[in-house]
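Both ligands and their constituent atoms are indexed starting at 1 by order of listing.
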Amino acid sequence: MSGKAWGGRFQKSAEAWVDEFGASIGFDQQLVTEDIEGSIAHVTMLGECGILKADEVETIKGGLEQLKVKADNNELEFKVENEDIHLNLEKMLTDLVGPVGGKLHTGRSRNDQVATDMHLFLKKRVVEVIELIQQLQDTIVEQAEDNIETLAPGYTHLQRAQPISFAHHLMTYFWMLERDKQRFTESVKRIDISPLGAGALAGTTFPIDRELSAKLLGFSNVYQNSIDAVSDRDFIVEFLSNGALMMAHLSRFAEEIILWSTDEFKFIDLDDSFSTGSSIMPQKKNPDMAELIRGKAGRTYGNLMGLLTVLKGIPLAYNKDMQEDKEGMFDTLHTIVGALKIFEGMVRTMTVNKDVLHKAVHNDFSNATELADYLAAKGMPFREAHEVTGKLVFTCIQRGIYLLDLSLEDMQEGSNLIEADVYDVLAPEAAVKRRHSLGGTGFDQVKKQLELAKSL
Ligand code: ARG
């Protein structure tokens, strides 16, 4: 006899350290609320279907409700010897209400039970994640609205490329997050399915009503195949994948924030409340939060790869390998919730140094495309216009000046198509303003973009 819930056929017990290795209670206790909710729905259904008597149902439900109160007050004491959240709660229930508690597991297995817990848990948490994404998007829109006419250098290859509206740059992250939000939202329909009643894998001989327990738990659907119900972890992979991609986006944004807050860029200042100092260098103000978010993207990729690898070789139906689906999921959830909250605060409180950005854009060659376009508009083939402009840029580099510093005569050395109106065209403000193409950086387009973003 092993003293376990499943101990009948065993002649001896595993040693404590072996139990310890197999136990999941250290982490699956985070499913305590969902496990109790699932059990209440299951026992209610058993009563409705006449499988358990009304007084048995009442006793079991009463016990579960007491456990729920204790769980809410953090008063439950979980034990490794009881392996996981399901067996811990079942033991607590029978201690509380007596042997009738053992009837709760009628027509159910831990396999459909654990899958139900995971579906319930993620369904709630994904909604919270979606709300946090929305809050960050709102904050990005606010910063963007303050910076529609703030000119900034736009980069390719991290080299100054063309002047842009700083709002346009910021809004890029809004759209990335919009897609993240859509992905999380769309994933809900694959989370919102009840596996409860699938049993170990084959269904059950008891006349259960799976649709009723699903309804009691607020699920919109039930799995149509009992083996699929207990073997499916796609919805967790999808969550990890959506989280990982969102972290890739936040990591790119974090990298820009880190760059922009250097002395070399100085495009923004992070608020003191989202920065840290150095224990040795008194002058330091470090963008630790942004760096951590950039760094934490790594663990979310790891969690995704971890679960994909766990799943790839396991035969149907349940295998204990699947217990490994949990820690990565909790970790990714914890990481993305933290990252979204921090990011929102960091972006809301940062100061955009408009004057630095203004200067930056007036002291570079990011208006060179304007000159090439100007010549092309006057009939010169664009390739030739590119060459002429390149040569003028080279002249400027040699003299340590910028295009706007060239005299008209100097410009005309390049091409006599150039006239005095070129100076208006070369002004960075004009370069931005004239980019009216749909989705371009022109101020009017950016305003339209912001209106659309706010209407979503
Ligand atoms: N702790 C287990 C898990 O997380 C619960 C399911 C156990 N089922 C079983 N047949 N051993 O996957």
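- A donor-acceptor contact closer than 3.5 angstrom links the side chains of Asp288 and Thr276.
- Here the heavy atom of the protein found nearest to atom 12 (O) of ligand 1 is Tyr318 OH, 2.5 Å.
- Closest to atom 10 (N) of ligand 1, if we only count protein heavy atoms, is Asn111 OD1, 3.0 Å.
- Of all protein heavy atoms, the one closest to atom 5 (C) of ligand 1 is Asp84 OD2, 3.5 Å.
- With ring centers used as reference points, Phe235 lies under 6.0 Å from His119.
- The closest side-chain heavy-atom distance from Ile236 to Leu307 is below 4.5 Å.
- In terms of protein heavy-atom proximity, atom 4 (O) of ligand 1 is nearest to Lys326 NZ, 2.5 Å.
- Nearest protein heavy-atom contact of atom 11 (N) of ligand 1 is Arg110 NH2, 3.6 Å.
- Residue contacts with ligand 1 do not include Gln113, since none of its heavy atoms lies under 4.0 Å from the ligand.
- Between Phe330 and Phe27, the gap from one ring centroid to the other reaches at least 6.0 Å.
- Pairing each heavy atom of Gln323 with each of Gly22, the nearest pair is NE2-O, 3.0 Å.
- For His249 and Trp175, the distance between ring centers is not under 6.0 angstrom.
- Contact annotation: Glu83 has no heavy atom less than 4.0 Å from any atom of ligand 1.
- Of the protein's non-hydrogen atoms, Gln323 OE1, 2.8 Å is the one closest to atom 1 (N) of ligand 1.
- Checked against a 3.5 angstrom limit, the closest N/O atoms of His86 and ligand 1 fall outside it.
- The side-chain heavy atoms of Met329 and Phe121, taken from C-beta on, include a pair separated by under 4.5 Å.
- Taking any N or O of Ser24, backbone or side chain, at least one lies under 3.5 Å from an N or O belonging to ligand 1.
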